[in-house]
Amino acid sequence: MSAANLPRTEANVLRAHEGAVLAARFNANGEYCLSCGKDRTIRLWNPHRGLHIKTYKSHGREVRDVHVTLDNSKLCSCGGDRQVFYWDVATGRVIRKFRGHDSEVNAVKFNEYASVVASAGYDRSVRAWDCRSHSTEPIQIIDTFSDSVMSICLTKTEIIAGSVDGTFRTFDIRIGREISDDLGQPVNCISLSNDGNCVLASCLDSTLRLLDRSTGELLQEYKGHTCKSFKMDCCLTNTDAHVTGGSEDGYIYFWDLVDANVVSRFRAHSSVVTSVSYHPKDDCMISASVDGTIGVWKA
């Protein structure tokens, strides 16, 4: 994909949140998206038509992250009320509340089979919860981090988490092995390349770092944006040709994956860009901001 095909034209602005939007995520096929924020709500949208479909309310404090299953039937969320919520998408009902974190929960993800939810907390732990049992106790607790765990990714056999302690750690669930890679700077977001071979880490020194998962080797660094005090997402485009992320000045950046040049940057919001999510198939992305809006961008 050439840089000319990167999304930067505003197709829609989604407005319904009162206050900062902390995350916005496409669903698996990119037809819908979910957002969450300071107003304690989760919202379901059709971003391509600019339609607000449903609001989910039950959290007692801000909602920091949300994730939906591959079949779009369930979602999980977390936030400042220290709980992980497991929802039925169609009815808007909370099926279960997982309690166990001692502090705010920063991130949640389903595994591929939607049988387990993993959560990352301010209490320096990652916890895994079984969606199929009626137990509200975690089935696994990983507490080897020395600071807040900000971000989490799951593969079929691994939990990968990034922490303010400067590490991202990979836990092989089958054999109980942990591998730690030290980046030397607080990590506030991690995401996987689409081929699963690399991890992209956003660090609080205004640098994105791309690492080889098998060796831990630093492959590239991406700079130009500002990221010093906010949790901000980063991701790769659906072809793995470019890296994208937000900036505290309201800009969105695109970098060439290989040579790390900034190939596109544009003012997307009037305040911090907290979240970016790239469409799984098309040249389209959504961004969320402290300014309370979600931008829908097309090529």
Do [X] and [Y] share a hydrophobic cluster (ILVMFWY, side-chain heavy atoms under 4.5 Å, transitive)?
{"X": "Val108", "Y": "Leu75", "result": "no"}
{"X": "Ile160", "Y": "Leu154", "result": "no"}
{"X": "Val263", "Y": "Leu219", "result": "no"}
{"X": "Leu22", "Y": "Val63", "result": "no"}
{"X": "Leu211", "Y": "Ile179", "result": "no"}

Classify the side-chain pair [X]/[Y] by whether it contains a donor and acceptor separated by less than 3.5 Å.
{"X": "Ser77", "Y": "Asp65", "value": "no"}
{"X": "Arg43", "Y": "Thr55", "value": "yes"}
{"X": "Thr144", "Y": "Glu178", "value": "yes"}
{"X": "Asn5", "Y": "Asp283", "value": "no"}

Without swapping roles, check the side chain of Thr167 against the backbone of Asp165 for a donor-acceptor pair under 3.5 Å.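 Answer holds: no.
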Salt-bridged, [X] to [Y], with N to O below 4.0 Å?
{"X": "Arg25", "Y": "Asp233", "value": "yes"}
{"X": "Lys38", "Y": "Glu62", "value": "no"}
{"X": "Asp181", "Y": "Arg213", "value": "no"}

How are the rings of [X] and [Y] set relative to one another: parallel (under 30°), tilted (30 to 60°) or perpendicular (over 60°)?
{"X": "Phe26", "Y": "His279", "answer": "perpendicular"}
{"X": "His59", "Y": "Trp87", "answer": "tilted"}
{"X": "Trp255", "Y": "His225", "answer": "perpendicular"}

Rounded at 0.5 Å granularity, tell me how far [atom1] in [X] sits from [atom2] in [Y].
{"X": "Thr239", "Y": "Asp195", "atom1": "OG1", "atom2": "CG", "answer": "11.0 Å"}
{"X": "Phe110", "Y": "Asp71", "atom1": "CZ", "atom2": "CG", "answer": "9.0 Å"}
{"X": "Cys33", "Y": "Asn27", "atom1": "SG", "atom2": "CG", "answer": "8.5 Å"}
{"X": "Asn46", "Y": "His48", "atom1": "CG", "atom2": "NE2", "answer": "6.0 Å"}
{"X": "Ile159", "Y": "Phe171", "atom1": "CD1", "atom2": "CZ", "answer": "7.5 Å"}
{"X": "Leu34", "Y": "Lys54", "atom1": "CG", "atom2": "NZ", "answer": "12.0 Å"}

A side-chain contact here means heavy atoms from C-beta on lying under 4.5 Å apart; do [X] and [Y] qualify?
{"X": "Lys57", "Y": "Arg40", "value": "no"}
{"X": "His17", "Y": "Ile294", "value": "yes"}
{"X": "Arg209", "Y": "Gln220", "value": "no"}
{"X": "Arg64", "Y": "Asn106", "value": "yes"}
{"X": "Val116", "Y": "Ile139", "value": "yes"}
{"X": "Met285", "Y": "Ile252", "value": "yes"}
{"X": "Ser287", "Y": "Trp297", "value": "yes"}

Quiz item: cation-pi between Arg265 and Tyr251, 6.0 Å / 45°: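 Yes, a cation-pi geometry holds between Arg265 and Tyr251.
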Arg169 to Phe145, cation-pi by 6.0 Å centre distance and 45° axis angle: yes
Check the surroundings of atom [atom1] in [X]: do more than 12 heavy atoms from other residues, nucleotides or ligands lie under 6.0 Å from it?
{"X": "Glu221", "atom1": "CD", "answer": "yes"}
{"X": "Lys156", "atom1": "NZ", "answer": "no"}
{"X": "Arg124", "atom1": "CZ", "answer": "no"}
{"X": "Arg267", "atom1": "CZ", "answer": "yes"}

Nearest heavy-atom pair of [X] and [Y]: which atoms, and what distance?
{"X": "Lys228", "Y": "Ser206", "result": "NZ-OG, 3.3 Å"}
{"X": "Ala23", "Y": "Thr274", "result": "N-OG1, 4.5 Å"}
{"X": "Leu208", "Y": "Cys234", "result": "CD2-CB, 3.9 Å"}
{"X": "Pro280", "Y": "Asn238", "result": "O-CB, 3.3 Å"}
{"X": "Met232", "Y": "Asn188", "result": "N-ND2, 3.5 Å"}
{"X": "Ser119", "Y": "Trp129", "result": "OG-NE1, 2.9 Å"}

Using the side chain to side chain donor-acceptor pair (under 3.5 Å) rule, take Asn194 and Asp240 through it: C-alpha gap first, then chi angles, then the decisive distance, then the call. CA-CA 6 Å; Asn194 294 286; Asp240 282 345; 2.7 Å; yes
Test side-chain contact (heavy atoms from CB on, under 4.5 Å) on Ile173 and Glu158 and set out the steps. CA-CA 6 Å; Ile173 302 160; Glu158 299 159 313; 5.8 Å; no
Taking the six-membered ring for Trp, are Trp45 and Tyr32 ring centroids under 6.0 Å apart?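 Between Tyr32 and Trp45, which both carry aromatic rings, the centre distance is not below 6.0 Å.
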Determine, stepwise, if the pair Val94 / Tyr56 fulfils side-chain contact (heavy atoms from CB on, under 4.5 Å). CA-CA 9 Å; Val94 177; Tyr56 301 84; over 6 Å; no
